[in-house]
Amino acid sequence: MNVGFPANGRKICSDVLEQILFNQLPPMIENNLIYANLTDAQKEELENVYQLTCNQQAIRQYIQDNDLAAFVANGSVLPRVSGASDLPMEDAVEFKSPEDLEIAIDVPFGAPVKGMKIPLGVTLIVGGGYHGKSTLLKALERGVYNHIAKDGREYVLARKDAMKVRAEDGRAVHNEDISMFIQNLPNKKSTVSFTTEDASGSTSQAANVAEALESGSQLLLMDEDTSATNFMVRDELMAEVVSKDAEPIIPFIARIQPLYKDKDVSTILVAGSSGAYFDQADLILQMDQYEPKNITQFAKDKAREYPMGELLEYAAPQDLPERILKKNPSLETDRIKVKTNGLDGVSIAKELIDTRYLEQLTDPEQLAAIGKMIVYAQKQLPNENRTLNEMADELEKLMDEQGLKVFGKGSMARPRRQELLGVINRWRSAKFDQKENKQ
């Protein structure tokens, strides 16, 4: 709860403030925050919130225990009113699972919840334009969080570490190993320890994948609409015209199955213009007027007519080295201001960090918390040999034990590790060292 002090210019109106603090706030607290004073309708609403949360947690546990990437309940309403609203669209087509993917999950309250399972592995979502491909992916992106009642996506749940990855032209990349995807640059620049102030579409997406893996994500979410084409796929004709030796980019299609088989990293990918991924996918869903259909066998039979062959033959990727965030001189002063600009950016010591493409941020108060966490870590956790993940572990432990207040005053909401590290990686004045280079 926030209470704004009434003011007249630079003076607080004490008489009005007295009315707020002593006449208005006490009855609000008495009538809304003390269970015994709630009406029967309020108590029922509170019980419903509790039951929904317990059911959501039971489904999350089922996802974890049964090697699933995500679950989408029958009857879910995935479309939103608009791109600027989280309200469900009225009269939208309700989600209905294909029969061969439908499961029922027992929950503590009410009947088992039926819906579509998405197993670990490589899942491809295809279909015509405006048939619901990206809408489904967007729901899965937000499925890392629980939704409130009447949202329409209450039982659309994905692994909590799922990370949306996209191209991000112009972003800074710091000392990141992107050699899994890019090698042998013509200027001889290292891609094992790659740094740039102005990444291209392909190098930015390569860095985003590497950083997602570094943050511990084991489920990547991608949409071809926001991906760099040359990063995603390379066709046979282009391979004949431009030889493999003359192309530094190893396309994601050549890495998507090794990531799962060797690294336990699954991918859910939306594709509408190329069938190149059919052969690499374990599950292929076609969205037809917002209705999912399992077309895996049909698509794979067709894919045999277009073999990829040597287009996928590359050496196995190496393990990524861990990175260390060095102390930033700009934070050595005592008073460091943190300001947010909606979900578009956070300013630390007057330096703006662009966060527009961290698409799973949902609240500016998460960004406020991240900014204060970065300042806290730089001042209070100065261990020069601590990796990014070790730093994140300590910050999460502090949140578990002491809450967000340990990082300072103000309105804050808890962020995920993925967004915390995502903001740090986009901090242009940040400096990184690699703890260990395994190549």
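- Panel note: side chain Q360, backbone A162; a donor-acceptor pair is recorded below 3.5 Å.
- The aromatic rings of F231 and F252 lie parallel to each other, with less than 30° between the two planes, well short of the 60° mark.
- The shortest side-chain heavy-atom distance between I424 and M391 falls under the 4.5 Å cut-off.
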Problem - Audit row: D319, K263, salt bridge (Lys or Arg N to Asp or Glu O under 4.0 Å) steps and yes/no - result: CA-CA 9 Å; D319 291 336; K263 312 290 186 185; 2.5 Å; yes

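- A salt bridge does not link R386 with D393: none of the charged nitrogens is closer than 4.0 Å to a carboxylate oxygen.
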Practice task
Walk me through it: do N146 and R60 pass the test side chain to side chain donor-acceptor pair (under 3.5 Å)?
Solution key: CA-CA 10 Å; N146 290 346; R60 289 196 182 281; 3.0 Å; yes

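- Within 6.0 Å of the CG atom in N187, the count of heavy atoms belonging to other residues, nucleotides or ligands exceeds 12.
- Donor-acceptor pairing under 3.5 Å is lacking for the side chains of D198 and T196.
- With a 6.0 Å radius and a threshold of 12 heavy atoms from other residues, nucleotides or ligands, E99 has its CD atom at or below the threshold.
- Taking the side chain as every heavy atom from C-beta outward, P248 and Q183 never approach each other to under 4.5 Å.
- Side-chain contact, N55 with Y155: a donor N or O sits under 3.5 Å from an acceptor N or O.
- Looking at E394 and K397, no side-chain N of the basic residue comes within less than 4.0 Å of a carboxylate O on the acidic one, giving no salt bridge.
- Side chain of S204 to main chain of E168: a donor-acceptor pair is present (N/O by atom type, distance under 3.5 Å, no hydrogens or angles).
- The two residues I268 and A69 have their closest heavy-atom pair at CD1-CB, 4.4 Å.
- In this structure, E247 contributes its side chain and R234 its backbone to no donor-acceptor pair below 3.5 Å.
- With T267 contributing its side chain and V122 its backbone, the two residues share no donor-acceptor pair below 3.5 Å.
- Rounding to the nearest 0.5 Å gives a distance of 9.0 Å between CD1 of I249 and CG of L185.
- Atoms CE and NZ, on M412 and K372 in that order, are 6.0 Å from each other to the nearest 0.5 Å.
- Atom CG of L46 has more than 12 neighbouring heavy atoms from other residues, nucleotides or ligands inside a 6.0 Å radius.
- Using modelled atom types, no side-chain atom of Y306 and backbone atom of A276 make a donor-acceptor pair closer than 3.5 Å.
- How far CG of D354 is from CZ of R171: 10.0 Å, rounded to the nearest 0.5 Å.
- In this structure the side chain of R153 reaches within 4.5 angstrom of the side chain of R142, judged on heavy atoms.
- Heavy atoms of other residues, nucleotides or ligands lying less than 6.0 angstrom from CD of E351 number more than 12.
- Residues in residues 100-111 take part in these side chain to side chain donor-acceptor pair (under 3.5 Å) pairs, two or more places apart or across chains: N74-E102, K96-E102, D100-N294.
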Problem - Residues R416, M163; criterion side-chain contact (heavy atoms from CB on, under 4.5 Å); working and verdict - result: CA-CA 10 Å; R416 298 190 307 156; M163 188 69 179; 3.8 Å; yes

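- Within the model, atoms OH of Y314 and CZ of R255 stand 8.5 Å from one another, a figure rounded to the nearest 0.5 Å.
- Rounding to the nearest 0.5 Å places CG of D344 at 9.5 Å from OH of Y357.
- Counting heavy-atom neighbours within 6.0 Å of K189 NZ, excluding the residue itself, gives a total above 12.
- Qualifying side-chain hydrogen bond (donor to acceptor under 3.5 Å, both in side chains) partners for T135, counting only residues two or more places apart in sequence or in other chains: none.
- Remark: E90 CD is loosely packed, at most 12 non-hydrogen atoms of other residues, nucleotides or ligands lying under 6.0 Å away.
- The main-chain N or O of G127 is found under 3.5 Å from a side-chain atom of K133 such that the two form a donor-acceptor pair.
- For the residue pair E44/N48, the side-chain donor-acceptor check at 3.5 Å is not satisfied.
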Practice task
Assess whether side-chain contact (heavy atoms from CB on, under 4.5 Å) is satisfied between I336 and Q378, documenting all intermediate values.
Solution key: CA-CA 11 Å; I336 304 296; Q378 290 273 284; over 6 Å; no

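- More than 12 heavy atoms of other shown residues, nucleotides or ligands fall within 6.0 angstrom of atom NZ in K138.
- With no hydrogens or angles considered, a side-chain donor-acceptor pair links T203 and S200 at under 3.5 Å.
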Exercise for the section: Take L388 and E214 through the test side-chain contact (heavy atoms from CB on, under 4.5 Å) and record every step on the way to the result. Expected result: CA-CA 8 Å; L388 280 175; E214 185 179 28; 3.8 Å; yes

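- Side-chain atoms of S227 and Q205 include a donor-acceptor pair closer than 3.5 Å.
- Residues S274 and E224 bring no donor and acceptor atom of their side chains to less than 3.5 Å of each other.
- Qualifying side-chain hydrogen bond (donor to acceptor under 3.5 Å, both in side chains) partners for D169, counting only residues two or more places apart in sequence or in other chains: none.
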Exercise for the section: Report the C-alpha distance between K300 and D282 in whole Å, list the side-chain angles of each, state the deciding distance to 0.1 Å, and finish with yes or no for salt bridge (Lys or Arg N to Asp or Glu O under 4.0 Å). Expected result: CA-CA 9 Å; K300 284 188 168 294; D282 301 306; 5.9 Å; no

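- When side chains are defined from C-beta on, L101 counts as touching L285, because their heavy atoms get closer than 4.5 Å.
- Heavy-atom neighbours of F109 CZ from other residues, nucleotides or ligands within 6.0 Å: above the threshold of 12.
- Here the straight-line distance linking atom CG of N389 with atom CZ of R417 works out to 5.0 Å at 0.5 Å rounding.
- Between the side chain of H174 and the main chain of W427, a donor-acceptor pair closer than 3.5 Å is present.
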Exercise for the section: Please test F71 against V113 for side-chain contact (heavy atoms from CB on, under 4.5 Å), starting from the C-alpha separation and ending with a verdict. Expected result: CA-CA 10 Å; F71 174 80; V113 179; 3.9 Å; yes

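- Using a distance-only test at 3.5 Å, with no hydrogens or angles considered, no donor-acceptor pair links the side chain of T296 to the main chain of L283.
- Counting only distance, with no hydrogens or angles, the side chain of H131 and the backbone of Y290 share no donor-acceptor pair below 3.5 Å.
- In this structure a side-chain-to-backbone donor-acceptor pair under 3.5 Å is present from T355 to L343.
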